[in-house]
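The structure follows.
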Amino acid sequence: MMSSVPATDRKSKLLVYSIEECPVCGQKTKRAFAVGDYVTKEAAKCTKCGNQTRVSLVYAESTKPSG
Amino acid sequence: MSLISSIGLQGLTGLSSGDTVTIIYIIFFMGLFVFQFAFGTRIQVYFALNDIGRGLSKLKVMKEKSRKEAIDYLVNVGKAANDPSQRVDQFLDYVTIMPVGIDPQGLVNKIDHVVTTNNDRVRAEVGALVTQNNPVTVSISENLLEVATALNMIHKVVRHYYILGKKTNSYFTLIQLQMLMPMIIQESDALLNAVDSFKVGQPVGDGIGPVSVSKFMVGKEKRAIAKDTVMAISEYKGRKLYIVKADGPMAYVGQPGVAIKKIVEEMGVKPSAIVMIDAALKLEGEKTGEIAEGVGAAIGGIGVEKFQIEEVATTHKVPLYAILVKQSILEAITVMRKEIAEASERVVQTLQRVIEEKTKEGDDVVVAGIGNTLGVAQ
Ligand SMILES: [Zn+2]
């Protein structure tokens, strides 16, 4: 249930990501969506300036065609 | 060879073998014509029945899957005390009777009353069913049950016309249903896909309005202004912004109509503009995540909220502006696509431009992010 593996959409093979954004320096980190994530949730400390980051977006992206 | 032909057809009728072939051809095509005339529709009915039958079994599978997903969620996440199957089945057949429309005066209030009663009932029942009473779980359960109810209804109606068409051998009923079937399946598929995003609490495409306005609300004091709806006061270039959205990260749509009415009529705010941000259904061929601007109340649903907002705006002569993000029905109810999420930045820029263009410093502006706010807090 609480897996941090990107949740996949059955048909179009979508991977869901959470974007953590630092309000001070603007650094964005993209990671796999974890159950319990929501937009504006407080996330990890910024790796650049140490400020509190927040989840700014949660979105799905289709996987690149396998080749 | 020549002996056979000389005592055969040619000998008896005086026709050449070429004439015989022509006659057979004519008889064959005349027969085909009569056959087509007499049995053509029956054959088409047969194919239509086959086609609809296949679609109907697909719908049945979808309906059962959504029911099972709802039950599983209630048991596994909601920690329902007893087996909820029976309760869920009763739930799926629950009806909401819309008020009569022959005397339209005050109809919106009546619809609002019936719908509110139903929503309260759903929440109370789900609340009683699950022991894990956190609002996110309850709201997700409500949405999952709604999906299951919708699929149950679609299946029932399609089955009704299928059986009716079969019984009465009605060509036109069946052909119409056959024509609609691909669209019905597509929409049902979208509903079923929505279950996957709902049960893990991921924001859906319809949540683009809430996502866009949440950026203005972070860190501000929030207050409940209507059922499931919150408001925060923010500031942009000398304008005071009253930001409204449904209370996240629950799967709520809230009551933006009531909220805007309260801001204007009870709090005594005199806004110079109301800006609404919502997802809009794109036409085939339009790009997902495209932004459109307009005037008017940008809000879907049964029409109650739209009516309330239009009334407040008209009574107080407040211009209504709309910012819309295009998406398909599937994209609107399943996990938010990158193109839509990334449009939020452009939405904010558009919003800022609209505020700068349409209002002056010192003005009050109401901004409403419309849509399901699952996975989007503030
Ligand atoms: Zn930083």
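Here is the naming used below: chain letters follow the sequence lines, and residue numbers restart at 1 for every chain.
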Over 12 non-hydrogen atoms of neighbours within 6.0 angstrom of NZ in B:Lys227: yes

Gap separating the NZ atom of B:Lys338 from the CD1 atom of A:Ile19, nearest 0.5 angstrom: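 Spacing of NZ (B:Lys338) from CD1 (A:Ile19) equals 8.0 Å.
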
More than 12 heavy atoms from other groups under 6.0 Å of CD on B:Glu235: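 Yes, enclosed.
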
For A:Lys30, all residues meeting side-chain hydrogen bond (donor to acceptor under 3.5 Å, both in side chains), sequence neighbours excluded: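 So A:Lys30 forms a side-chain hydrogen bond (donor to acceptor under 3.5 Å, both in side chains) with A:Glu61.
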
Per-residue contact mode, B:Ser344 against chain A (heavy atom under 4.5 angstrom):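 For B:Ser344, the side chain is the part near chain A, not the backbone.
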
Smallest separation among heavy atoms of A:Val58 and B:Met336, with atom names: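 Residues A:Val58 and B:Met336, closest heavy atoms: O-CB, 4.0 Å.
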
B:Lys68 atom NZ: more than 12 heavy-atom contacts under 6.0 Å: no

Separation between CD of B:Gln202 and OH of A:Tyr17, rounded to the nearest 0.5 Å: 12.5 Å

Worked verdict on B:Val218 versus A:Arg54 for side chain to side chain contact (heavy atoms under 4.5 Å, CB included): CA-CA 10 Å; B:Val218 170; A:Arg54 281 179 190 277; 3.3 Å; yes

Electrostatic pair A:Lys28:B:Glu342 at N-O distance under 4.0 angstrom: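 Salt bridge absent between A:Lys28 and B:Glu342.
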
Side chain / backbone / both / neither for B:Glu331 at chain A, heavy atoms under 4.5 Å: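 For B:Glu331, there is no contact with chain A at all, as no heavy atom is under 4.5 Å.
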
Side chain / backbone / both / neither for B:Val376 at chain A, heavy atoms under 4.5 Å: both

Rounded distance (nearest 0.5 Å) linking atom OH of A:Tyr59 with atom CD of B:Glu339: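 Rounded to the nearest 0.5 Å, the OH-CD separation comes out at 10.0 Å.
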
Side chain to side chain contact (heavy atoms under 4.5 Å, CB included) evaluation trace for A:Leu14 with B:Arg337: CA-CA 9 Å; A:Leu14 291 172; B:Arg337 304 294 195 271; 3.5 Å; yes

